[in-house]
Amino acid sequence: MSSGASSSSSAPRAEAGDGYWAAREEAAARLEAMAARPLGEDELSAEQLETNNQLQEDEVLALQAIYGDDMVNLEDKAGLRSFEIFVWYPVPNGSKVLLSFRPNGTMIGTDNDGSQDVGELFYACRLKHLPPVVLTCLLPRSYPSTCAPYFTISAKWLDEPKVSYLCTMLDEIWTELPGQEVVYRWVDWLNSSSWSCISLNDSIVLVPDATSDVVDERAIAGKVLVDSTIPLMQDYDENRSQEIFLKSLLECGICLSENTGVMLLAWGLAMMFNAKTIFSPSALCAKNDAMWGRSVLVQQRKLAF
């Protein structure tokens, strides 16, 4: 593996949207460098290349059907298919994000009662939503017959050793399935099994300046900084919660009608500006303060009302 990969620097909090967590430009640069290396594709027959091309097309269509908006097709690179898939961890109740100063990335142990020893922790918080892990793939012409996809894993809220380990596990899956389409198996493993590899007792331990002897060039990790990493994650958690609220269908506790969170928020803002008449009372119950009150407070804070 290349030793030239380096941790990504932290972004200003105002800029840390989905694009920051996906690290699209950095992933593209690394994938292009991988693709520039010779693979011996000239040895494959025209028939085999055509078969690979058809298998890739079928696989991409299947992945789109499965993952929907969580998959983004990227611009082809020199005729090679490229895409990214977002993996979201369902955060178990009681999970914590812990910022530790233990040297060499040593994981925190547990007391006899199962609780974590936080004596050497600098900071701890609870989050409902973690930023995504993003798998970006570039499919060589020799895939799937002889070579695996080029890939990167972007997890800029984790340190390099953890992300490098995820890359190693994807290599092992390909070793078990040579010559077969493998991207679905990779994403399935990230969704179903990788949580236990990066967490301890359902909590994430972040270690500033954690490094490993071998750096995997496919691992796009973040530089864990005391003053920014957890605030960035907290901002993401709040924004993600708001996004889910706006898209969700919620039942009015008074009239039992269902409306999206964005409608509840709109009604709340109208109430703030004394503009109730622009909405039809039958469309949304004006008395259901409990539904939209919290969201209005969030919006007030964001808009500095």
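Every value quoted in this text rests on a predicted model; they were computed, and no experiment measured them.
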Exercise. Can you list the steps and then say if Gln64 with Val60 is a side-chain contact (heavy atoms from CB on, under 4.5 Å)?
Worked result: CA-CA 6 Å; Gln64 287 177 318; Val60 169; 4.2 Å; yes
For this session: Assess whether side-chain contact (heavy atoms from CB on, under 4.5 Å) is satisfied between Tyr67 and Val87, documenting all intermediate values.
Result: CA-CA 10 Å; Tyr67 297 112; Val87 176; over 6 Å; no
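Side-chain atoms of Asp237 come within 3.5 Å of backbone atoms of His129 as a donor-acceptor pair (strictly under, hydrogens ignored). A donor-acceptor pair under 3.5 Å is absent between the side-chain atoms of Arg218 and the main chain of Arg30, judged by distance alone. Although no hydrogens or angles enter the test, the distance criterion places no donor-acceptor pair under 3.5 Å between the side chain of Asp188 and the main chain of Asn191.
Phe83 pairs by the ring-ring contact (aromatic ring centres under 6.0 Å, His included) definition with nothing, not counting sequence neighbours.
With a 4.5 Å cut-off on side-chain heavy atoms, Leu31 and Lys77 do not count as touching. Looking only at side-chain heavy atoms (C-beta outward), Thr136 and Ile220 stay at 4.5 Å or farther from each other. Contact of the Phe86 side chain with the Asp69 side chain is not registered, since no non-hydrogen atoms from C-beta on lie closer than 4.5 Å. Looking only at side-chain heavy atoms (C-beta outward), Met34 and Thr152 come within less than 4.5 Å of each other.
Using a 30° and 60° split on the angle between ring planes, Tyr89 and Trp157 fall in the perpendicular class, above 60°.
We find the OG-CE distance between Ser193 and Met169 to be 8.0 Å, quoted to the nearest 0.5 Å.
Taking all atoms of both residues into account, the shortest heavy-atom contact from Gln180 to Trp174 is O-CZ3, 3.3 Å. Of all non-hydrogen atoms in Pro140 and Pro149, the two that sit nearest each other are CD-CA, 3.8 Å. Here the closest non-hydrogen pair linking Val91 and Lys128 is CG2-O, 3.5 Å.
One hydrophobic cluster, built from ILVMFWY side chains closer than 4.5 Å, cannot hold both Leu55 and Val183; they sit in different ones.
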